[in-house]
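Encoded as structure tokens, the structure appears first; notes follow it.
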Amino acid sequence: MPAPTTRSAPETPSTPAARRPLLRARLAASRLYGRLLMRRPPADWSAPHADGRYGPAEPADERPVTLLMLGDSLARSFGADRPEETLGARLAQALGDRLDRPVDLRVLARVGATTTGLRRQTARAARLRPGLAVVIVGGNDALLPLPIGRSARLFALLLGRLRETGWQPVVVPCPDPGHAPGFRAPARLVGGHRSRRLARRQARAAERAGTPLAPSSGPEFQDRAELLLAPDGVHPSSRGYAEHAARMLPALLDAASRLPAESAPAEPVSAVAAGTSAAPTA
């Protein structure tokens with residue numbers, strides 16, 4: 001599940017003095033909000049840095065494919081223990097193995113991001129070599145007092161912009177916080193209803209755009225929380241991200257088959273889930 005807090009940039013010696021009080025206020029507000037929504041909010045919201053090249057050591061096709069992770073803490077893989085256990089790394093390695101090509105992973109997702117934050121990520125994506133883009137966002141929109149209709153309309157707009165700039169998106173509809181036992185009961189109740197509304201509208205936007213849909217998390221994460229969830233009871237554990245990756249891989253392979261001829265795999269790719277063990281080749 002996405003983190004309920006808005007993470008501010010860390011204060012450093014180079015941070016302008018005028019911005020430091022604002023950053024401190026945002027950090028204090030996010031920590032308070034986390035304590036209101038979560039039973040065991042983490043003290044550290046950092047996630048492993050997994051950017052890099054993945055795939056076979058000696059690929060048959062040396063043309064790299066770019067895999068971009070956009071959205072919130074699920075796309076960022078908060079809760080994973082090591083870089084190779086993140087959702088992006090597992091998808092990149094599995095994709096590279098199936099295509100027999102190198103995959104360059106870029107993670108622009110941010111913990112605490114809303115659909116408005118996705119706008120900034122999409123603008124950055126427009127400056128990169130296009131390829132495949134996994135989009136997971138909306139959980140924070142559902143938990144914060146934000147208009148769901150506005151978030152859904154912005155999501156559809158940004159999905160169109162990704163496609164216009166050459167990206168092949170894969171959409172994971174907004175997860176349901178009702179399946180995360182680490183949230184307090186009011187957050188599960190209200191956030192669950194709002195997230196389901198947003199997920200339906202995101203799915204319709206993806207279908208209209210002809211964009212593949214990948215499954216979101218379900219009640220099995222609540223039923224197997226000790227194995228599939230991190231200690232906060234909200235975000236997936238390393239094992240949970242492995243299960244996410246296995247379920248998402250068919251949609252990612254579908255999107256890969258739609259890449260332009262100059263970057264598409266030489267032969268059609270069968271959308272059958274493969275293993276998700278990840279080890280960067282560089």
Side-chain angles (χ1 to χ4, degrees), residues 2 50-51 54 64-77 86-92 94-96 98-99 101 103-110 113-141 151-175 195 198-217 241 244-265 269 271 273:
D51 287 27
Y54 294 79
V65 178
T66 303
L67 175 61
L68 191 62
M69 302 297 292
L70 300 175
D72 55 34
S73 54
L74 280 181
R76 185 73 183 179
S77 295
T86 62
L87 179 60
R90 290 184 182 277
L91 288 173
L95 182 67
R98 293 303 300 273
L99 301 183
R101 296 177 62 178
V103 175
D104 290 334
L105 174 65
R106 288 293 304 272
V107 181
L108 300 185
R110 290 293 179 266
T114 62
T115 306
T116 299
L118 181 64
R119 185 202 298 268
R120 294 187 288 272
Q121 297 173 25
T122 302
R124 291 183 62 190
R127 301 192 290 269
L128 301 176
R129 184 186 69 228
L132 304 171
V134 173
V135 185
I136 313 175
V137 77
N140 293 301
D141 299 73
S151 295
R153 290 189 294 273
L154 179 57
F155 180 86
L157 175 66
L158 297 176
L159 195 60
R161 287 183 182 172
L162 282 171
R163 294 178 62 86
E164 289 169 4
T165 51
W167 292 94
Q168 286 292 333
V170 173
V171 170
V172 180
C174 177
S195 69
L198 182 54
R200 288 193 295 269
R201 298 188 64 166
Q202 289 177 338
R204 286 199 294 269
E207 289 165 358
R208 291 193 198 103
T211 296
L213 282 167
S216 184
S217 59
Y241 283 117
H244 267 300
R247 297 182 350 168
M248 291 170 56
L249 183 59
L252 196 62
L253 292 171
D254 181 13
S257 70
R258 307 180 188 198
L259 289 171
E262 63 271 16
S263 59
V269 177

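If you're wondering where the values come from, they're calculated on a predicted model, not measured in any experiment.
Heavy atoms only, all atoms of each residue included: V134 and M248 are closest at CG1-CE, 3.6 Å. Nearest heavy atoms, L162 versus P169: CB-CG, 4.2 Å. Taking all atoms of both residues into account, the shortest heavy-atom contact from P173 to L213 is CG-CD2, 3.8 Å. Scanning both residues, L105 and G88, for their nearest heavy atoms gives CD2-C, 3.5 Å. Closest of all the heavy-atom pairs between G210 and R163 is O-NH1, 4.1 Å. The two residues G139 and C174 make their nearest non-hydrogen contact at N-SG, 3.5 Å.
For the pair L128/T66, no side-chain contact is recorded, criterion being any heavy-atom separation below 4.5 Å from C-beta on. No side-chain heavy atom of L67 sits under 4.5 Å from any side-chain heavy atom of Y54. Counting only heavy atoms from C-beta outward, the side chains of L95 and L253 approach each other to under 4.5 Å. The closest side-chain heavy-atom distance from H244 to R90 is not below 4.5 Å. In this structure, the side chains of L158 and L70 stay at 4.5 Å or more apart for every pair of heavy atoms. Inter-residue side-chain proximity for L132 and V170 is flagged as unmet; no heavy-atom pair is nearer than 4.5 Å.
By the 4.0 Å N-to-carboxylate-O rule, R76 lies too far from D72 to be salt-bridged with it.
Taking CD of Q168 as the start and CG of D254 as the end, the distance is 9.0 Å to the nearest 0.5 Å. Once rounded to the nearest 0.5 Å, the distance linking CG of L118 with CZ of R110 reads 12.5 Å.
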Trace of the side chain to side chain contact (heavy atoms under 4.5 Å, CB included) decision for V172 with L74: CA-CA 10 Å; V172 180; L74 280 181; over 6 Å; no
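Within 6.0 Å of the CZ atom in R129, the count of heavy atoms belonging to other residues, nucleotides or ligands exceeds 12.
Formation of a donor-acceptor pair under 3.5 Å by the Q121 side chain with backbone atoms of G71 is found in this model. Using a distance-only test at 3.5 Å, with no hydrogens or angles considered, a donor-acceptor pair links the side chain of S77 to the main chain of L87. With hydrogens and angles ignored, the 3.5 Å screen pairs a side-chain donor or acceptor of D141 with a backbone N or O of T115.
Results of the side chain to side chain contact (heavy atoms under 4.5 Å, CB included) test with W167 over T122, L68, L159 single out L68 as the only residue that passes.
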